[in-house]
Number of protein chains: 2
Amino acid sequence: MASVEKVFEALASAHRRRILAYLSKTDMTAGEIGERFAGIMSQPAISKHLSVLEHAGVVWRQKRGMNVHYGLNEDALSGTLVHFLAEVCPVGRPLKRESAAAARRKRVALGEPEAEVPETARLARKKS
Amino acid sequence: MASVEKVFEALASAHRRRILAYLSKTDMTAGEIGERFAGIMSQPAISKHLSVLEHAGVVWRQKRGMNVHYGLNEDALSGTLVHFLAEVCPVGRPLKRESAAAARRKRVALGEPEAEVPETARLARKKS
DNA sequence: TGCCTAATTAACTTTGGAGTTATATCGTTA
DNA sequence: TAACGATATAACTCCAAAGTTAATTAGGCA
């Protein structure tokens, strides 16, 4: 599974996103995190979430004595999301080419000029 | 379920991210999308994915005659992700990271070997 | 060594997402 | 109105994620 896949899978869980938020100001031990979410989920559950986050690369993990410290890995997180936004989709480059070709075909079929249509104009036209 | 929840759930599926990519340059009918992914998934499956994407607000939907058109809703998509980054990553950092990510993307576009996610900082810093 | 604490792994159950085929809905057209 | 083409919904099956408790590993210390 590619890294981007893992990141989005990791972010798919609200519990994991809360853990990330909890790590946003400082790194913490698994125990401290478990304490914060006591009553919401068991400690093994948190351990598994942390494992998912680590394997996705959005947190780092460091054993120090008896404790295990976890911390946010901002580079991987914002890097992946910004990259995704720029590309709209990680594996999307070939698809984007197809999409562009389809757009061209449509414009020709409608008799529009060849010039690129500014995306902003198209987007501004539409309401969600 | 809050909007952010829905967006991340929508993005959790690789198939849905591919659909988003396919919509990145122009809007299309459900049929056109279904054609593109024929053999990968059935038409009802695509219909369900489109429904998920629409309810998350990342695509718009418009019925025109017999067809149903879908299109990317970039504002909702980037808005949610940027908001999430701002919330999780310490203040001030995201924009700097963005700029760094843009620089990396440019290098990749110029033919540098594929470095999917910039993990260099993390890997250099941490290793247990 | 033997015990205590921290964290992970094992083994299991439950739930929901994703896919399938079949059917219904809705607009168009003969 | 009947028939057709484009999408959506129904009614399932299947599998993997997420949770639980119990057992295991590993560090620190008497």
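In what follows, chains are A, B, ... by sequence order, proteins preceding strands, each numbered from 1. The structure presented is a predicted model; accordingly, all values stated were derived computationally and were not measured.
- Take A:S51 and apply the side chain to side chain donor-acceptor pair (under 3.5 Å) test, not counting sequence neighbours, and it matches A:H55.
- Note: NE2 (A:H69) to C1' (C:dA7) measures 12 Å, nearest angstrom.
- Per the geometry, CD belonging to B:Q62 stands 13 Å off P belonging to D:dA8, to the nearest Å.
- Within 4.0 Å (heavy atoms only), A:S51 reaches no atom of the nucleic acid at all.
- In this model, the phosphate group of C:dA18 is approached by a side-chain N or O of B:R16 to a distance below 4.0 Å at OP1 or OP2.
- The side chain to side chain donor-acceptor pair (under 3.5 Å) test applied to A:H15 returns no partner, not counting sequence neighbours.
- Listed by chain and number, the residues in a ring pair (Phe, Tyr, Trp, His ring centres under 6.0 Å) with A:Y70 amount to none (sequence neighbours excluded).
- The two residues B:C89 and A:L72 come nearest to each other via the heavy atoms CA-CD2, 4.5 Å.
- For D:dA6, the OP1/OP2 oxygens have no side-chain nitrogen or oxygen of B:T29 closer than 4.0 Å.
- Straight-line distance from the NE2 atom of B:H15 to the P atom of C:dG17: 17 Å, rounded to whole Å.
- Rounded to the nearest 0.5 angstrom, B:N73 CG and B:W60 CH2 are separated by 9.5 Å.
- In this structure, A:E54 atom CD and C:dT8 atom C1' are separated by 12 Å, rounded to whole Å.
- Partners of A:T29 under the side-chain contact (heavy atoms from CB on, under 4.5 Å) rule, at least two apart in sequence or in another chain, are A:E32, A:N67, A:H69.
- Residue pairs meeting the salt bridge (charged side-chain N to carboxylate O under 4.0 Å, His left out) criterion with at least one member in residues 14-23 of chain A, sequence neighbours excluded: A:R17-B:E5.
- Going from atom CG of B:L50 over to atom P of D:dA6 covers 16 Å, rounded to whole Å.
- No close placement of the A:F8 and B:F8 rings is indicated, their centers lying 6.0 Å or farther apart.
- In this structure, of D:dA18, D:dG19, C:dG19, it is D:dG19 that holds the atom nearest to the side chain of A:H49.
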I'd like a list of close polar pairs between nucleotides 20-22 of chain D and the protein, N/O only, cut-off under 3.5 Å.
from: D:dT20; atom 1: OP2; to: A:S42; atom 2: N; distance (Å): 2.9
from: D:dT20; atom 1: OP2; to: A:S42; atom 2: OG; distance (Å): 2.6

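- Within the 4.0 Å cut-off from OP1 or OP2 of C:dT8, at least one side-chain nitrogen or oxygen of A:Y70 is found.
- Between B:I46 atom CD1 and C:dT21 atom C1' the separation is 15 Å, expressed in whole Å.
- Under the rule for a side chain to side chain donor-acceptor pair (under 3.5 Å), B:H83 has no partner lying at least two apart in sequence or in another chain.
- A straight line from NE2 of B:H55 to C1' of C:dG17 spans 16 Å, rounded to a whole angstrom.
- With sequence neighbours left out, the side-chain contact (heavy atoms from CB on, under 4.5 Å) criterion links B:A45 to B:M41, B:S42.
- The closest donor-acceptor contact from the side chain of A:S47 to the backbone of A:Q43 lies at 3.5 Å or more, if one exists at all.
- With rounding to whole Å, A:E9 atom CD is found 14 Å from C:dA18 atom C1'.
- Along DNA chain D, the nucleotide closest to A:A12 and the one closest to B:N67 are compared, and the more 5′ of them pairs with B:N67.
- By the side-chain contact (heavy atoms from CB on, under 4.5 Å) test, B:E35 is found to be paired with no residue, residues two or more places apart in sequence or in another chain being considered.
- For the strand DNA chain D, secondary-structure stems (runs of at least three Watson-Crick or G-U pairs, all distances below 3.5 Å) span C:1-30 with D:1-30.
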With 3.5 Å as the limit, what N/O pairs link the protein to nucleotides 24-30 of chain C?
none

